[in-house]
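This one's a predicted model, so the numbers in the text were calculated from it and none came from an experiment.
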Amino acid sequence: MIAGIDYALENVMHTSTQRSGFKLALLGSAGAAFFWISDPRWGWTGRFAAGENLIDAANDALIGTLVGVVASAVIIAVGLWLLTRRTA
């Protein structure tokens, strides 16, 4: 009976780890999409918000966009790692 409980707990922990990984990967993708869309140089909405000074807005937003996209990529990587992880 104890072996059955251990198996059930292992199965629950495995699915919760995969669920967490999927959520992190999904949120990381949403974050990367947000930073890409709102960037004045590459995004759709950033060009309209920049107005006439597109070059200045692109230079000002470059650091924030790069940090946001890199942080989102790290979150995606952690989520994908959790998706592939199996409990012992």
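- If you chain together hydrophobic residues whose side chains sit under 4.5 Å apart, Trp42 and Ile37 fall into the same group.
- In plain terms, the two heavy atoms of Leu83 and Gly21 that are nearest each other are CG-C, 4.0 Å.
- Asn59 is linked by a side chain to side chain contact (heavy atoms under 4.5 Å, CB included) to Arg41, Ile55, counting only residues two or more places apart in sequence or in another chain.
- In this structure, Phe34 is not a member of the same hydrophobic cluster as Leu27, with clusters built from ILVMFWY side-chain heavy atoms closer than 4.5 Å.
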Under 3.5 Å, sequence neighbours excluded: what are the donor-acceptor pairs made by side chains of residues 64-76?
unit_1, atom_1, unit_2, atom_2, d
Thr65, OG1, Asp39, OD1, 2.7
Thr65, OG1, Ala61, O, 2.9
Ser72, OG, Ala32, N, 3.2
Ser72, OG, Gly68, O, 2.9

